[in-house]
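Keep in mind the model is a prediction, meaning the values are calculated, not measured.
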Amino acid sequence: MSKIKVLEVLEATTAGTAKHLITLLKGVDRSRFEVEVAAPLVRTKWADKGDTRFVEKVKALGFRIHAVDLRSGVNPIADSRGLLALFRLIRRGRYDVVHLHSSKAGFLGRIAAKLNRIKTVYTPNGLYFLNPRRAMARRFFLFLEQFGGVLTDRMIAVSDSERRQIVDHRTVREARVSVIPNALDCDDGFAPDLSARDRIRRELGIPDDVLVLGTASRYCRQKDPHTLIRAAKIMLQRTDKVRFVWCGEGEQRTETEQFAREHGVGEAFHFLGFRHDIQAVMNAFDIFVLSSIYEGLPYVLLEAMLLELPVVATDVTGNRDIVKTDTGLLVPPQQPQALAEAMLALAEDPARRDAMGKRGAEVVRECYSMPDMVRATQQVYEALARPDP
């Protein structure tokens with residue numbers, strides 16, 4: 001039997017979307033599937049400009065990658081070129097299935113695939129129309145998803161709450177939606193490391209008796225840094241034995257640092273920017289915090305839990321699927337007081353933090369493992385590649 005030929009397409013070659021595809025590539029059965037990748041060779045978005053790590057990882061895994069100039073944001077000229085490039089690539093490649101990842105690749109790729117009469121799979125990894133903005137902009141992006149839904153043979157939601165949003169907003173018919181949670185390679189060395197904890201704390205000048213609340217995410221509207229800073233100010237009025245660490249980059253970094261200074265908490269924050277040693281940095285945390293306004297199913301929460309960190313996160317799509325009462329605390333989004341109270345509750349209860357951290361690592365290993373995600377995704381490919389009756 002010949003192999004099923006799959007083209008994976010994405011624009012966002014950094015953060016969770018890229019991690020999702022790399023995890024999938026690491027586990028795919030190459031005896032049954034011939035997989036190729038189409039993506040920009042260099043990330044052009046401001047915060048990650050010049051980043052080529054995704055391409056290097058794909059090549060290191062031994063997969064062929066096709067350069068396609070896909071760009072974030074709405075850019076009619078660049079988007080037209082990207083659509084034409086995808087159309088030509090898919091026509092030449094004779095693929096059985098085209099799998100699109102994230103909104104830009106999802107929209108252009110589904111059009112290009114359907115013009116070539118190829119079956120499509122779409123994994124949004126976060127529904128962009130959920131981002132609070134002007135009502136007209138939300139309706140516009142929802143319309144694009146609903147239009148793309150007509151061209152979708154199968155949509156993969158990475159969490160059950162994301163599936164509910166897809167169905168409720170009628171972006172794809174319910175029968176065409178599969179839930180396949182994001183997953184980690186739990187044997188890839190992501191584990192608690194006391195030596196890394198001590199090293200990072202010394203680097204940052206944080207004493208052993210000071211509690212560290214940290215996050216690792218982009219400085220952007222979706223992650224809502226202002227709410228975290230306001231919550232930190234409330235918490236610091238109750239205790240001075242805490243520090244906050246933000247690891248990551250993004251278009252709102254300068255604004256966020258200024259906001260922290262204006263609110264009198266700048267000295268309590270360590271804004272580290274991009275770090276190659278993110279695992280080591282997270283080992284220095286005592287509590288992981290995520291103040292997002294919306295998500296799909298964030299990899300960073302899975303990673304934090306695998307490091308045995310208790311979690312405080314917003315009760316939004318994706319987060320609520322991972323964080324339960326035995327692994328962390330959920331709070332309403334954009335509510336600094338609630339976020340501060342949850343952080344304080346865990347700060348004052350080390351036994352509870354320890355129990356939550358250990359249970360969180362168990363949950364990730366039991367429910368979010370790479371083999372399960374890969375197996376379920378391959379079953380979707382096989383179902384679509386069968387000849388129509």
Side-chain angles (χ1 to χ4, degrees), residues 1-10 17 20-39 58 61-66 68 83 85-103 105-125 127 145-160 162-164 166-167 170-183 296-297 368-389:
M1 181 181 295
S2 61
K3 295 181 182 180
I4 295 173
K5 194 171 183 181
V6 180
L7 180 66
E8 309 281 353
V9 184
L10 83 165
T17 305
H20 174 86
L21 182 48
I22 291 296
T23 303
L24 182 59
L25 294 177
K26 287 171 69 174
V28 71
D29 185 349
R30 302 191 196 198
S31 69
R32 294 159 51 204
F33 300 91
E34 180 182 349
V35 179
E36 297 177 359
V37 178
V58 171
L61 290 170
F63 291 94
R64 183 180 183 185
I65 186 162
H66 302 274
V68 179
L83 175 61
L86 284 174
F87 172 79
R88 289 172 172 170
L89 171 61
I90 293 169
R91 183 178 59 186
R92 292 194 310 267
R94 298 181 179 274
Y95 301 100
D96 299 296
V97 177
V98 176
H99 188 173
L100 300 317
H101 303 262
S102 74
S103 56
F107 185 71
L108 298 180
R110 281 180 286 179
I111 295 173
K114 280 304 169 185
L115 287 173
N116 282 286
R117 299 182 180 179
I118 303 298
K119 295 293 182 66
T120 60
V121 184
Y122 173 43
T123 303
N125 253 311
L127 298 162
E145 285 291 355
Q146 291 171 334
F147 176 81
V150 178
L151 310 175
T152 306
D153 292 293
R154 188 70 64 87
M155 192 165 184
I156 295 177
V158 296
S159 64
D160 191 61
E162 186 175 66
R163 181 197 66 81
R164 289 196 294 272
I166 291 167
V167 173
R170 300 177 181 177
T171 61
V172 174
R173 285 188 294 169
E174 185 171 7
R176 294 186 177 182
V177 183
S178 300
V179 178
I180 304 177
N182 283 339
L297 190 149
Y368 299 96
S369 66
M370 180 178 74
D372 292 339
M373 183 188 85
V374 173
R375 187 181 308 111
T377 305
Q378 290 180 162
Q379 289 172 351
V380 170
Y381 295 161
E382 288 174 325
L384 293 180
R386 296 189 195 111
D388 291 327

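- Minimum interatomic distance between M155 and P124 (heavy atoms only, all atoms of both residues): CE-CG, 3.7 Å.
- Taking both residues in full, the closest heavy atoms of R163 and V179 are given as CD-CG2, 3.4 Å, listed atom of the first, atom of the second, then distance.
- The structure places OG1 of T377 at 10.5 Å from CG of L21, a figure rounded to the nearest 0.5 Å.
- Of all the heavy atoms in D29 and Q378, the pair that sits closest is N-OE1, 2.7 Å.
- Here the CG atom belonging to L100 is positioned 10.0 Å from the CG atom belonging to L10, to the nearest 0.5 angstrom.
- Looking at R91, its side chain never comes within 3.5 Å of a backbone N or O of F87 through a donor-acceptor pair.
- E162 contributes atom CD, which lies 7.0 Å from atom CG of N125 (distance to the nearest 0.5 angstrom).
- The aromatic rings of H99 and Y381 stand perpendicular to each other, their planes meeting at an angle above 60°, with 30° marking the opposite boundary.
- With rounding to the nearest 0.5 angstrom, the CG atom of N182 is 8.0 Å from the OG1 atom of T23.
- Applying the 6.0 Å contact sphere to CD of E174 captures no more than 12 heavy atoms from other residues, nucleotides or ligands.
- Taken to the nearest 0.5 Å, the CD1 atom of I65 stands 9.0 Å off from the CG atom of L25.
- Each of E382, R32, R386 was scored for a side chain to side chain contact (heavy atoms under 4.5 Å, CB included) with I4, with one residue passing: E382.
- Put simply, the side chain of Y95 does not reach to within 4.5 Å of the side chain of E8, judged on heavy atoms.
- Between V9 and I90 there is no side-chain heavy-atom pair separated by less than 4.5 Å.
- The nearest pair of heavy atoms linking L297 to P181 is CD1-CB, 4.4 Å.
- The pair R64-E34 does not count as a salt bridge, with every side-chain nitrogen at least 4.0 angstrom from each carboxylate oxygen.
- A distance of 7.5 Å separates OG1 of T120 from CG of L384, quoted to the nearest 0.5 Å.
- Around the CZ atom of R88, the shell of radius 6.0 Å holds no more than 12 heavy atoms that belong to other residues, nucleotides or ligands.
- Without hydrogens or angle criteria, K119 side chain to A385 main chain gives no donor-acceptor distance under 3.5 Å.
- With sequence neighbours left out, D153 forms a salt bridge (charged side-chain N to carboxylate O under 4.0 Å, His left out) with K114.
- Of all heavy-atom pairs spanning A112 and L86, the tightest one is CB-CB, 3.8 Å.
- Evaluation of the salt bridge (charged side-chain N to carboxylate O under 4.0 Å, His left out) rule for R176 yields no partner, not counting sequence neighbours.
- Side-chain contact between S178 and Q379 is absent, with no heavy atoms from C-beta onward closer than 4.5 Å.
- When every heavy atom of R154 is checked against every heavy atom of A383, the shortest pair comes out as NH2-CB, 4.3 Å.
- Side-chain contact check for E36 versus K5: some heavy-atom pair is nearer than 4.5 Å.
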Legend entry - Pair D96-V6, side chain to side chain contact (heavy atoms under 4.5 Å, CB included): steps then yes or no: CA-CA 6 Å; D96 299 296; V6 180; over 6 Å; no

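- Using a 4.5 Å heavy-atom threshold, the side chains of V380 and I180 count as touching.
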Inset, instruction - Would you please test V121 and V98 for side chain to side chain contact (heavy atoms under 4.5 Å, CB included) and show each step? - result: CA-CA 6 Å; V121 184; V98 176; over 6 Å; no

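- Taking 4.5 Å as the limit, every side-chain heavy atom of V97 sits out of range of all side-chain heavy atoms of I118.
- The shortest side-chain heavy-atom distance between Y122 and E145 falls under the 4.5 Å cut-off.
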